[in-house]
Amino acid sequence: FIPSRKLTLLSLTVALCTLLVSFTSAIAESLYVAPSAEIAIRRGQGTEYKIVAMVKDGTKVEFLEEEGFYTKIRLSTGKEGWMLTRFLSPDPPLDQVVERLQQENDQLKEQSHTAKEKIEELSLALETTKEELDSLRGERAKLGEDYETLQRDTADVIGIKKELEKKLESLHLSKDF
């Protein structure tokens, strides 16, 4: 019973450690050499191995595996080797971060400038449209008044015409007698 539990616990612990290592390697695809002097990349883990390359701080490297105090990496040239893990960082160097932020800032300033110009352009168009709308409302009111006047005048003409026809008819009737 107890040995079985210990075996299960041990198996579970090994599985979690394996998962953690594979998860860590999946997350940390790219790393950067931390600020320092040039760092030696060696064929193996330790100072007794031959140096295959030297890298400067800020160099982007590809994470391959980690073992003890060393990490196996691949350079952009394709060379692979081991270096001390403490000289690696997931964060890009500050000068690269500052440069990227400056570029983003410049882009945002340009977008802001373009947006301000567009707002000014649209404000002018809005003002012109408001003036045209006010003018058209005035014309519509004037046309409405003219239409009402025309209706009244036309109604008077129709009434006068009817009266005239009645008078003509009564004149015709009086002549007949």
Side-chain angles (χ1 to χ4, degrees), residues 1-140:
F1 223 7
I2 294 176
S4 174
R5 273 191 173 167
K6 284 184 179 180
L7 184 60
T8 304
L9 186 59
L10 181 62
S11 297
L12 196 58
T13 304
V14 169
L16 283 174
C17 287
T18 304
L19 183 63
L20 183 62
V21 167
S22 65
F23 182 70
T24 303
S25 65
I27 290 176
E29 283 279 319
S30 293
L31 296 174
Y32 298 88
V33 177
S36 58
E38 287 188 332
I39 305 299
I41 307 299
R42 298 180 178 272
R43 287 191 184 197
Q45 301 175 31
T47 55
E48 65 273 11
Y49 291 93
K50 183 179 176 185
I51 295 174
V52 293
M54 297 293 288
V55 292
K56 296 180 181 180
D57 66 310
T59 302
K60 187 175 181 178
V61 296
E62 183 181 346
F63 173 88
L64 298 176
E65 66 180 278
E66 186 174 344
E67 201 173 294
F69 295 109
Y70 286 87
T71 299
K72 188 172 186 180
I73 54 107
R74 179 179 298 129
L75 300 173
S76 61
T77 61
K79 286 185 180 180
E80 293 181 6
W82 293 86
M83 68 182 289
L84 285 168
T85 303
R86 70 174 182 232
F87 292 116
L88 291 172
S89 169
D91 302 320
L94 291 179
D95 59 339
Q96 289 180 14
V97 172
V98 168
E99 183 180 332
R100 182 183 51 82
L101 289 174
Q102 284 175 337
Q103 289 172 352
E104 287 178 19
N105 189 27
D106 292 343
Q107 288 174 347
L108 290 173
K109 283 180 182 178
E110 180 61 33
Q111 290 173 354
S112 174
H113 178 71
T114 302
K116 284 179 183 178
E117 286 178 343
K118 190 68 173 175
I119 288 171
E120 287 178 22
E121 181 183 314
L122 291 173
S123 293
L124 289 173
L126 177 62
E127 200 58 41
T128 302
T129 304
K130 282 181 179 179
E131 290 171 3
E132 289 175 2
L133 180 62
D134 289 344
S135 173
L136 290 172
R137 283 180 177 160
E139 286 180 33
R140 183 186 68 187

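No hydrogens, no waters, no symmetry mates; every other heavy atom, side chains included, goes into these values.
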Donor-acceptor pair, distance only, cut-off 3.5 Å: does the side chain of Thr114 make one with the backbone of Glu110? yes
On a heavy-atom basis, the closest approach of Pro93 and Gly58 is CG-CA, 3.1 Å
Find out whether Arg137 and Leu133 are in side-chain contact, i.e. whether some heavy atom of one side chain is under 4.5 Å from a heavy atom of the other. yes
Checking Glu65 against Trp82 for the side chain to side chain contact (heavy atoms under 4.5 Å, CB included) test, could you report, in this order, the C-alpha distance in whole Å, the side-chain angles of both residues, the deciding distance, and whether it holds? CA-CA 9 Å; Glu65 66 180 278; Trp82 293 86; 3.7 Å; yes
Return the CG to CG distance between Leu126 and Leu124, rounded to the nearest 0.5 Å. 9.5 Å
Determine yes or no for a side-chain-to-main-chain donor-acceptor pair under 3.5 angstrom, with Ser135 supplying the side chain and Glu131 the backbone. no
Nearest non-hydrogen partners of Met83 and Ile73, listed with the distance: SD-CG1, 4.2 Å
Spatial distance of atom CD (Gln102) from atom NZ (Lys109) [nearest 0.5 Å]: 9.5 Å
Given the rule in the side chain to side chain contact (heavy atoms under 4.5 Å, CB included) test, do Glu80 and Leu64 qualify, once you have shown the distances and angles that lead to the verdict? CA-CA 9 Å; Glu80 293 181 6; Leu64 298 176; 3.6 Å; yes
Between Arg74 and Glu62 (side chain of the first, backbone of the second, donor and acceptor by atom type, cut-off under 3.5 Å), is there such a pair? no
Side-chain touch Ile39/Leu84, heavy atoms, less than 4.5 angstrom: no
All heavy atoms of Lys79 vs all of Ala53, minimum pair found to be CD-CB, 4.4 Å
Does a salt bridge link Glu104 with Arg100, judged by any charged N lying under 4.0 Å from a carboxylate O? yes
For the CD atom of Gln96 and the CG atom of Leu101, what is their distance to the nearest 0.5 Å? 12.0 Å
Check for a donor-acceptor pair, side chain of Thr85 on one end and backbone N or O of Phe69 on the other, with a separation under 3.5 Å. yes
When you measure from the side chain of Arg43 to the backbone N and O of Val52, does any donor-acceptor pair fall under 3.5 Å? no
Does Lys72 pair with Glu67 as a salt bridge, N-O distance under 4.0 Å? no
Quick one: CE on Met54 to CZ on Arg42, what's the gap to the nearest 0.5 Å? 8.0 Å
Would you say CG of Leu94 has more than 12 non-hydrogen atoms from neighbouring residues, nucleotides or ligands within 6.0 angstrom? no
